[in-house]
Amino acid sequence: MNADAPGAYAGTGPCTVGMVEHLTVTDEHRDREIELTCRYPTAGGPHRLLVWCHGLGGSRHRSRGLAELWASHGFVVVQPTFVDSIEHVARDHPELGLEPHHIHNNGWITVPEVFDFMIRNLLQPPWWLARVADVGTVLDQAPTLLDGVADFAGSVDGDWVGVGGHSFGAYTSQLFAGVTIDLPGEGPTSFRDDRVGAVVIASGQGRNQQGLRDGSWDTVACPLLNITGSEDMGATTDDPNWKREPFLFAPPGDKYEAWMEGADHGLGGIGGNFPNFAENEHQRNIVQQTTLAFWRAYIAGDGDAMAWLNSDLPNEFGSPILSFERR
C-alpha cells in the first residue's frame, strides 16, 4: 500500500474475509440474546475489534460494504441488531399489525403509523440505553466472540476498540466517545468506555435532541471522525451545520470531519438503498477511504495512516466534493 497516494486507503485489503452470519452473545442480567453478524480475517492476528451500529429500524445486515472492507484490512467487525430494529419491533409489538409487505426489502418502513411509533421511541431513553448495554456486552465478551469458528486465526483484541455507526448508530457511537447527555430524572450522564479508542459518527446528531445540549461534547475523550454533507438535514432542523456539531464542539485534537457537497442522510448509500436518499458511488468511496484510514491510524496504530489523515491527500482523493478538516 502506497500511503503517499490519494487513494491509499481505498479498495479491498490483503486479508481473506470470513463471516458468521448469525452469532449471538447473551446478557444474562437483562435476559437478552444479542444477534450479531461478524466478519473477520482468516489469517494473522491478533485482530482489533470494530463495532458498527445500524440506524433506526436497521439490522446487522446493513453496511455490508464497509464491514467487508475493514475486515479485509485486518479488523474483526461486529454488527449487532438492536431492539429498535424493525425485525424486533414487528415481533415485540404485534398491536402495530406490521406485516412483511409493509417493509421495503432493505428495512424501510412504509406504514406512517409505524414510522411515527419508531420516531417517538427514538426520542425516549430506553432505546438509547438498550444500545449502550448491547455494545457493552459485546465488548465484555470480545475475547471469546469467535471461539469455535474453524477458519478464524489469531484472537480478538477487545482492549482497544473502534465504535461507529450511521444515524441512530452515530448517536450510539457518540455515547461511547463520552458525550454528556441529560437523562430525565438523572441529570447529566456519560457512558464513556475506556476500551473505546476512537469513534466514527456518520450523519450524527447535534444539540437539542436525545439529551444533547450545549456542553455535551466538552467531555469527549477519544478521537472522532464525523461524516456529513450539504444535504444531510436533521430530524428537527434543515440546517446541515447541525450535523457538524460533534466535530465543531468536541475538544480540539484528533478530531476529523469528512464533509461532502451534495451528500444527504444516506451518505451515498452506505447503509443500503433507501427511498428519498441518493445512491452515489463516489460518496461511498469517500466514506470507505476515510473510515479505513481513521481506524488504521487510531485503532491499529498505523503511522502511515496517521500521516495520510493529516496530509492533503484526503481532499485529493475526494475531489471535487470533499472538504476534509481537522481540529
Side-chain angles (χ1 to χ4, degrees), residues 53-58 82-84 89 109 112 114-135 163-193 196 199-253 255-260 263-267 270-271 274 276-277 323 325 327:
C53 305
H54 64 74
L56 179 67
F82 299 110
V83 295
D84 56 89
V89 169
I109 308 153
V114 176
F115 186 77
D116 290 344
F117 171 87
M118 301 289 283
I119 295 299
R120 287 197 304 273
N121 279 276
L122 168 70
L123 301 177
Q124 300 301 317
W127 275 6
W128 317 344
L129 302 181
R131 282 172 165 252
V132 171
D134 283 358
V135 174
V163 175
H166 175 245
S167 193
F168 194 10
Y171 178 77
T172 309
S173 64
Q174 291 198 64
L175 295 181
F176 279 90
V179 299
T180 300
I181 61 170
D182 290 334
L183 280 178
E186 298 185 32
T189 305
S190 171
F191 297 93
R192 170 67 186 152
D193 190 312
V196 176
V199 300
V200 168
I201 303 166
S203 190
Q205 298 75 19
R207 292 168 295 177
N208 303 317
Q209 184 173 310
Q210 292 162 275
L212 295 164
R213 36 78 173 162
D214 286 332
S216 282
W217 292 271
D218 293 350
T219 51
V220 168
C222 69
L224 69 79
L225 169 63
N226 193 59
I227 308 174
T228 184
S230 62
E231 304 300 318
D232 186 10
M233 308 304 177
T236 58
T237 176
D238 290 332
D239 181 1
N241 288 308
W242 184 74
K243 296 277 189 174
R244 301 192 65 205
E245 291 183 358
F247 169 70
L248 295 174
F249 295 160
K255 309 302 187 301
Y256 301 85
E257 182 176 76
W259 188 95
M260 297 180 289
D264 60 28
H265 182 60
L267 301 177
I270 62 169
F274 292 104
N276 304 320
F277 298 137
S323 174
E325 297 187 28
R327 295 181 65 241

- Query: Can you find a heavy atom in the side chain of T228 that is under 4.5 Å from one in the side chain of I201?
  - Reply: no
- Item | Side-chain donor or acceptor of H166 paired with backbone N/O of H265 under 3.5 Å | yes
- Task: Answer yes or no: is there a side-chain heavy-atom contact under 4.5 Å between I227 and M260?
- Result: yes
- Can you list every ring-ring contact (aromatic ring centres under 6.0 Å, His included) pair that touches residues 205-234, not counting sequence neighbours? W217-F249
- In chain order, what residues pass the side chain to side chain contact (heavy atoms under 4.5 Å, CB included) check against P188, with sequence neighbours excluded? T180, D182, R213
- Look at the side chain of R327 and the backbone N and O of A250, then say whether any donor-acceptor pair between them is shorter than 3.5 Å. yes
- Item | Side chain to side chain, D214 and R207, heavy atoms closer than 4.5 Å | yes
- When you measure from the side chain of Q210 to the backbone N and O of Q124, does any donor-acceptor pair fall under 3.5 Å? no
- Roughly how far, to the nearest 0.5 Å, is CG of N226 from CG of L248? 8.0 Å
- Please report the shortest heavy-atom distance between V196 and F176, naming the atom on each side. CG2-CD2, 4.0 Å
- Please tell me if the side chains of R131 and D84 come closer than 4.5 Å, counting only heavy atoms from C-beta onward. yes
- Message: Let's go through S203 and K243 carefully: what are the C-alpha distance in whole Å and the side-chain angles of both, what is the deciding distance for side-chain contact (heavy atoms from CB on, under 4.5 Å) to 0.1 Å, and is it a yes or a no?
- Response: CA-CA 6 Å; S203 190; K243 296 277 189 174; 3.1 Å; yes
- Message: Would you compute the distance between atom CD of Q209 and atom CD1 of I181 and round it to the nearest 0.5 angstrom?
- Response: 12.0 Å
- Message: Would you compute the distance between atom OG1 of T172 and atom CG of D134 and round it to the nearest 0.5 angstrom?
- Response: 9.5 Å
- Aromatic plane relationship, H54 with F82 - under 30° parallel, 30 to 60° tilted, over 60° perpendicular: tilted
- Message: Looking at P126, is its backbone amide N or carbonyl O close enough to the side chain of N121 to form a donor-acceptor pair, meaning the two atoms are under 3.5 Å apart?
- Response: no
- Is R192 close to C222 at the side-chain level, that is, under 4.5 Å between some pair of heavy atoms? yes
- Hey, mind stepping through V163 and D193 against side-chain contact (heavy atoms from CB on, under 4.5 Å) and telling me if it holds? CA-CA 10 Å; V163 175; D193 190 312; over 6 Å; no
- Task: For A130 and V83, work out which heavy atoms get closest and say how close.
- Result: CB-CG2, 3.7 Å
- Task: Return the minimal non-hydrogen interatomic distance between P240 and G229, and the atom names on each side.
- Result: CB-O, 3.7 Å
- Task: For residues A202 and A170, report the shortest heavy-atom separation together with the two atoms involved.
- Result: O-CB, 3.5 Å
- Message: If the condition is salt bridge (Lys or Arg N to Asp or Glu O under 4.0 Å), which residues does E231 pass it with, not counting sequence neighbours?
- Response: none
- Do L122 and Y171 have side chains that get closer than 4.5 Å, going by heavy atoms? no
- Message: Please find the pair of heavy atoms, one from P125 and one from L183, that lie closest to each other, and give the distance.
- Response: CB-CD2, 3.9 Å
- Give a yes or no on whether the backbone of V179 and the side-chain of S216 come within a donor-acceptor separation of less than 3.5 Å. no
- List the steps and the verdict of side-chain contact (heavy atoms from CB on, under 4.5 Å) for W259 and E325. CA-CA 8 Å; W259 188 95; E325 297 187 28; 5.7 Å; no
- Is there a side-chain contact between K255 and P223, using heavy atoms and a 4.5 Å cut-off? no
- Answer yes or no: is there a side-chain heavy-atom contact under 4.5 Å between P251 and V220? yes
